[in-house]
Amino acid sequence: AQSVTQLGSHVSVSEGALVLLRCNYSSSVPPYLFWYVQYPNQGLQLLLKYTSAATLVKGINGFEAEFKKSETSFHLTKPSAHMSDAAEYFCALEEKAGTALIFGKGTTLSVSS
Amino acid sequence: AAGVIQSPRHLIKEKRETATLKCYPIPRHDTVYWYQQGPGQDPQFLISFYEKMQSDKGSIPDRFSAQQFSDYHSELNMSSLELGDSALYFCASSRLDSNEQYFGPGTRLTVT
């Protein structure tokens, strides 16, 4: 069965520091992988997606993620954190187009000045 | 660009009452998904529709039902509401040939 594991329910960084949010997946077939961001009391916004075209994926707001098949990982990074990056981040997996997203438990990112 | 529309945005119901949530997908999107996000939880898939037919079913209680209409909008009907049904309910839409789901702002249901 497919699953998504996000390591670390809370991550705290200082403004300007590197952001690293970890995501590992389990799937019997090559999956599509996504990172979503959720601000308080708002919906889910797609940050970036992996669809097998390129292993390094660039998204919005300066975020990027690298797909590593050997490690079954899809970690999210941003070189320099901004206060506005504070939010909940979800890694998600889709086994094939048109099927349900399976989400990780989420990681709360806090950014301090 | 048009986004997914959900109504109402907030809903307060009492135990054992019924609720109907509506979702209007992005134009030309043929697939609708419903997810439930409890407090501090990750979104859980409930049910999806493609071309007005149920395409997949997740952890949707028997007390809930849903359908997609000819104009592609979808409704989630919830009966005999329980306190545990209090959650954010998201609708997402996509084109079947796309792997990208676009989420609406959600409906926050509070059951008292």
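Letters go in sequence order (proteins before strands), and every chain restarts at 1.
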Handout entry: Per-residue contact mode, Phe103(A) against chain B (heavy atom under 4.5 angstrom)
Key = both

Problem - Side chain / backbone / both / neither for Glu94(A) at chain B, heavy atoms under 4.5 Å - result: side chain

Handout entry: Side chains of Tyr72(B) and Glu51(B), donor plus acceptor under 3.5 Å
Key = yes

Handout entry: side chain to side chain donor-acceptor pair (under 3.5 Å) assessment of Gln6(A) paired with Tyr89(A)
Key = CA-CA 9 Å; Gln6(A) 291 184 238; Tyr89(A) 291 81; over 6 Å; no

Handout entry: Asp42(B) side chain to Gln44(B) side chain, donor-acceptor N/O pair below 3.5 angstrom
Key = yes

Handout entry: Proximal component of Gln38(A), with respect to chain B [non-hydrogen, under 4.5 Å]
Key = side chain

Practice task
Name the orientation class of the two ring planes belonging to Tyr35(B) and Phe103(B) (parallel below 30°, tilted from 30 to 60°, perpendicular beyond 60°).
Solution key: tilted

Problem - Proximal component of Arg95(B), with respect to chain A [non-hydrogen, under 4.5 Å] - result: neither

Practice task
Name the member of Gly106(B), Pro105(B), Gly104(B) that forms the most heavy-atom pairs with chain A at distances under 4.5 Å.
Solution key: Pro105(B)

Exercise for the section: Go through the steps for Ser74(B) and Gln68(B) under the test side chain to side chain donor-acceptor pair (under 3.5 Å), then give the verdict. Expected result: CA-CA 4 Å; Ser74(B) 177; Gln68(B) 186 180 32; over 6 Å; no

Practice task
Check the surroundings of atom CG in Leu20(A): do more than 12 heavy atoms from other residues, nucleotides or ligands lie under 6.0 Å from it?
Solution key: yes

Exercise for the section: Tell me, for Gln37(B) versus chain A, whether the close heavy atoms (under 4.5 Å) come from the side chain, the backbone, both or neither. Expected result: side chain

Problem - Part of Ile47(B) within contact of chain A (heavy atom distance under 4.5 Å) - result: neither

Practice task
Check whether Leu44(A) gets within reach of chain B through its side chain, its backbone, both or neither, counting any heavy atom under 4.5 Å.
Solution key: both

Exercise for the section: State whether the number of non-hydrogen atoms from other residues, nucleotides or ligands found under 6.0 Å of Asp62(B) atom CG is greater than 12. Expected result: no

Exercise for the section: Measure distances from Tyr102(B) to the heavy atoms of chain A and classify the residue's part below 4.5 Å as side chain, backbone, both or neither. Expected result: neither

Problem - Atom group of Lys105(A) that falls short of 4.5 Å from chain B, counting heavy atoms - result: both

Problem - Phe34(A) six-ring centre to Lys49(A) NZ/CZ under 6.0 Å and within 45° of normal - result: no

Practice task
With a 4.5 Å cut-off on heavy-atom pairs, point out which of Ser94(B), Ser48(B), Ala92(B), Pro43(B) contacts chain A the most.
Solution key: Pro43(B)

